Structure formats: structure tokens, C-alpha cells
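So the structure is just underneath, and the comments pick up after that.
In this text the structure is predicted, and so the values were computed from the model without any measurement.
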Number of protein chains: 2
Amino acid sequence: MNAPLPRLIEDVVELGDLTKSVGFMLRMTQVRAYAQFFRAFSGTDVRPGEFTVLWVLALNPGLRQGTLARTLQIKPAHMTKLVQRLAQAGYLLREVPPEDRRSVLLSLTAAGLEHVERHRAQFHDVHAPAHVGLSEGEYGQLLTLLGKLTFKDVPECP
Amino acid sequence: MNAPLPRLIEDVVELGDLTKSVGFMLRMTQVRAYAQFFRAFSGTDVRPGEFTVLWVLALNPGLRQGTLARTLQIKPAHMTKLVQRLAQAGYLLREVPPEDRRSVLLSLTAAGLEHVERHRAQFHDVHAPAHVGLSEGEYGQLLTLLGKLTFKDVPECP
DNA sequence: CGGAAAAAGTATCCGTGTAAACAATTTCCT
DNA sequence: AGGAAATTGTTTACACGGATACTTTTTCCG
């Protein structure tokens with residue numbers, strides 16, 4: 001018997017120069033990467049943003065909350081919520097240092113560290129070259145190019 | 001006098017192998033691309049999603065709403081809202097064809113077409129190679145690699 | 001010193017996008 | 001034919017993430 005063959009007939013849509021826009025292509029690929037991530041981690045409570053925060057704190061204990069936010073391109077207001085949730089879950093510790101009582105230093109608890117260790121392998125495997133349809137070489141090229149992107153603004157004045 | 005030099009002192013944060021994950025890198029770059037887009041179009045009512053929808057409809061008049069949604073990786077529930085808003089704004093027309101009265105066919109109004117024409121140039125200029133710090137060649141390479149990405153799932157069974 | 005300005009983080013409200021349940025229509029199968 | 005199943009789009013309820021305004025603390029000068 002043949003496989004189901006679902007959705008074989010899908011209309012072809014003309015996109016024009018849209019496929020030549022990095023903005024559009026980044027959006028498309030990022031959405032699909034997210035979907036792949038959630039499929040791979042379905043059944044667990046691992047979310048990309050949260051896990052990334054824990055990952056970075058594992059490498060940088062005592063990091064300031066604001067520095068973490070800027071590094072991961074997360075806005076302060078959202079970082080507050082993320083941190084509250086992860087602290088509530090028992091994965092990280094908030095500490096207000098005496099030398100600057102405005103700031104908050106973050107570090108992992110034992111549970112947080114264990115959580116990172118437990119999912120570290122799968123986290124890196126999800127988007128491995130073979131899982132995204134690239135060769136090792138292409139994968140490296142892609143990372144290099146993504147790392148080069150700057151998004152500087154070019155003012156309209158001459 | 002010297003320039004302001006703000007934010008010169010920014011802590012260095014160790015990211016480890018995070019920078020070797022396409023998922024993470026796609027997320028970082030996409031967020032920055034969005035920011036660049038909104039900066040460029042500040043003062044206008046142009047949003048990436050909406051404009052992309054109008055763009056595709058300009059190239060594919062009479063496209064079905066569902067086909068459009070699948071093409072642009074937009075979920076049906078959200079596409080409904082997008083279409084309602086754009087129809088309200090007078091940019092597109094919804095039409096229920098007699099041969100399948102479940103579906104909705106979309107096409108641009110004159111105002112919608114004019115809107116696309118008015119911002120077409122800037123839309124393509126925003127993320128032009130020079131504005132994202134890449135050479136023409138690198139830009140083409142990046143587009144090719146992004147186009148190759150597949151995000152197939154690899155089941156755990158051997 | 002002492003007040004103005006800046007910095008860090010938080011609370012509140014809003015926009016974007018999704019999942020799940022639903023209504024309407026068409027197709028499929030016997 | 002006629003009822004089950006699939007398809008299409010919408011409604012509703014909610015999660016994610018950001019903008020803005022605010023509180024607390026520190027810094028910056030006079």
C-alpha cells in the first residue's frame with residue numbers, strides 16, 4: 001500500500017522578490033525552526049527562551065539581569081517575567097548585591113544546573129546539520145554569515 | 001567635541017556553543033531584522049506581516065485565504081484577523097466563490113495596490129546587502145542557504 | 001551636602017500570534 | 001440518496017513579548 005500522500009496538491013504561489021529579502025527569509029526559517037523545536041521537545045517543559053537563559057547563566061554565574069537581557073535581545077520587562085517564572089520553578093536564584101542595590105544578580109540552583117545538563121544534548125541536536133538539510137560545510141557557512149549580519153541603520157541624509 | 005560614546009562599557013558574556021546553533025542565531029538575527037524594519041518604517045503604518053500579505057496578493061490575485069496562510073506560515077486564526085484588518089482598511093477584497101462557499105478568495109483593491117507600489121522600493125531597500133553588512137556575494141550565499149533549510153523531523157526510532 | 005539626572009528593574013496595558021472548539025460547506029463512501 | 005468524514009474559515013480564550021510609566025537606588029555635579 002502507498003503512504004497517505006497528504007497535501008500532495010498544494011497550489012503554487014508566486015512570491016516574487018520576497019525570497020530575495022533576508023528579512024522575509026529569516027522570518028520564514030525562524031518560524032519553522034521554532035516549530036521543529038517544539039515538536040522535538042513536546043511533552044517536556046523546555047522552551048527556547050527559558051532554556052537559553054538557563055544555558056547562559058550556567059556559563060556566567062552571577063550575571064546581571066540587565067546584561068543578560070541585552071545579550072539575548074530580550075526587553076527588560078519580559079526578562080523580569082522570565083526570571084520570576086524560572087525562580088518560581090526553582091531553577092535560578094536572584095540576589096541583590098550590596099554594592100548596587102538596584103541590580104539583580106542571577107545564578108543557577110542545583111536543580112537549574114541539572115535541568116540544563118539533562119537537556120543539553122537534545123538542545124544541540126535539534127537543529128543539527130542533518131536535521132535541517134545542510135551539510136557540515138553549509139551549516140558552518142550559514143553560521144558565519146548569520147554572525148556577520150549587523151542591521152545598521154543608514155540615515156536618509158546624504 | 002567627542003561623540004556621546006554611550007554604552008561603551010558592556011560586559012562580555014560567554015555564550016558557549018549557543019552561537020553554533022542555527023535556532024539561536026536565527027532568533028537573534030530575526031529579532032534585530034525586525035527592529036531594523038520598524039525603525040525604517042517608523043511613522044508609517046507599514047508592518048512586516050501585513051505588507052507581505054498585500055505583496056503576495058499583488059502577485060496572486062484571487063488567492064485563497066488558506067493557501068496564503070500556509071505559504072506565509074501564518075496560522076488560520078491569525079490570518080482571519082489580518083484579512084479583516086486589511087479589508088477594513090480598504091486594501092483588499094474578500095470574495096466567496098460559488099463553487100466552494102467555505103473558502104474566501106482575496107484580491108487587492110486599487111488602494112491596496114497603490115499602497116504596495118508606494119512602499120515597494122523601501123521595503124526591498126531595508127535589508128539590502130549594504131544595510132546588513134554583507135557583500136553582494138555573501139548576501140546571495142545567505143539567501144541560498146536559508147532557502148535550503150528544511151527542518152525535517154528525525155524520529156527517535158532506529 | 002543636596003538636588004537633578006541617570007540607571008536598574010518592575011507593574012500595567014496592549015499588540016501579535018496560537019491552540020482548541022465551533023459552524024458551515026463539501027466530499028466520500030456505501 | 002444520505003450520513004460520516006474531511007475541509008475551510010471563524011470565534012474564543014490564552015501565551016508570548018514589548019512600550020510606557022513608575023519606584024528605587026546610584027551617580028553626577030553645582
Side-chain angles (χ1 to χ4, degrees), chain A residues 4-11 27-28 30-32 34-35 37-39 42 45-53 62-88 92 94-106, chain B residues 4-11 27-28 30-39 41-42 45-53 63-88 92 94-106:
Chain A
L5 278 206
R7 202 113 307 287
L8 188 66
I9 20 88
E10 178 61 79
D11 304 341
R27 170 74 181 172
M28 291 298 98
Q30 204 264 327
V31 168
R32 291 190 296 172
Y34 248 64
F37 185 97
F38 283 113
R39 264 178 278 139
S42 68
D45 61 343
V46 177
R47 258 93 61 81
E50 287 184 5
F51 193 82
T52 303
V53 163
L63 195 60
R64 289 180 62 149
Q65 182 168 319
T67 305
L68 179 61
R70 276 188 299 274
T71 302
L72 298 182
Q73 315 261 27
I74 295 172
K75 293 292 173 287
H78 184 42
M79 183 57 81
T80 295
K81 299 178 202 172
L82 267 176
V83 164
Q84 281 172 350
R85 200 189 315 159
L86 290 170
Q88 181 65 30
L92 62 78
R94 301 164 25 100
E95 183 189 354
V96 174
E99 68 270 17
D100 187 345
R101 308 205 15 253
R102 295 169 301 180
S103 64
V104 176
L105 306 186
L106 303 175
Chain B
L5 276 208
R7 205 86 343 264
L8 187 65
I9 21 84
E10 178 61 80
D11 304 341
R27 171 74 182 172
M28 290 298 99
Q30 205 262 329
V31 168
R32 289 189 296 173
Y34 247 65
Q36 188 189 41
F37 185 97
F38 283 113
R39 264 178 277 137
F41 281 96
S42 68
D45 60 344
V46 176
R47 260 92 61 82
E50 288 184 5
F51 193 83
T52 303
V53 164
L63 194 62
R64 289 181 61 152
Q65 182 169 320
T67 305
L68 178 60
R70 275 189 299 275
T71 302
L72 298 181
Q73 315 261 27
I74 296 172
K75 294 292 173 290
H78 183 42
M79 184 55 82
T80 295
K81 296 182 202 174
L82 266 175
V83 165
Q84 281 172 350
R85 199 188 317 158
L86 290 170
Q88 181 66 31
L92 61 78
R94 303 165 22 101
E95 182 188 356
V96 175
E99 69 269 18
D100 188 345
R101 309 206 10 254
R102 295 169 302 181
S103 64
V104 175
L105 305 187
L106 304 175

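OP1 or OP2 of D/dT10 lies within a sub-4.0 Å distance of a side-chain N or O belonging to B/Thr80. At least one side-chain nitrogen or oxygen of B/Arg64 sits closer than 4.0 Å to the OP1 or OP2 atom of D/dT8. At least one side-chain nitrogen or oxygen of A/Gln84 sits closer than 4.0 Å to the OP1 or OP2 atom of C/dA11. Phosphate contact (OP1/OP2 of D/dT10, side-chain N/O of B/Arg94, threshold under 4.0 Å): present. Not one side-chain nitrogen or oxygen of A/Arg102 sits closer than 4.0 Å to the OP1 or OP2 atom of D/dC22.
Counting to the nearest Å, the P atom of C/dA23 and the CG atom of B/Asp100 are 20 Å from each other. The nearest whole Å value for the distance from the CG atom in B/Leu63 to the P atom in D/dT8 is 13 Å. Distance B/Glu50 CD to C/dG17 P: 9 Å, rounded to the nearest Å. At whole-Å resolution of the value, CE in B/Met79 and P in D/dT7 are 19 Å apart. Rounded to an integer number of Å, the gap from CD of A/Gln88 to P of C/dT10 is 14 Å.
Where B/Arg27 and B/Pro76 meet DNA chain D, the nucleotide closest to each residue was compared, and B/Pro76 sits on the side nearer the 5' end. The 5' end of DNA chain D is approached more closely, in terms of each residue's nearest nucleotide, by B/Gln65 than by the other of A/Arg85 and B/Gln65.
In this structure, B/Phe41 and B/Val46 approach most closely via the heavy-atom pair CD2-CB, 3.7 Å.
Rounding to the nearest 0.5 angstrom, the gap separating the OG1 atom in B/Thr80 from the CD1 atom in B/Ile74 is 11.0 Å.
Put simply, the side chain of A/Lys81 and the base of D/dG18 share a donor and an acceptor less than 3.5 Å apart.
Counting heavy atoms from C-beta outward, A/Val104 and A/Arg64 have side chains that stay 4.5 Å or more apart.
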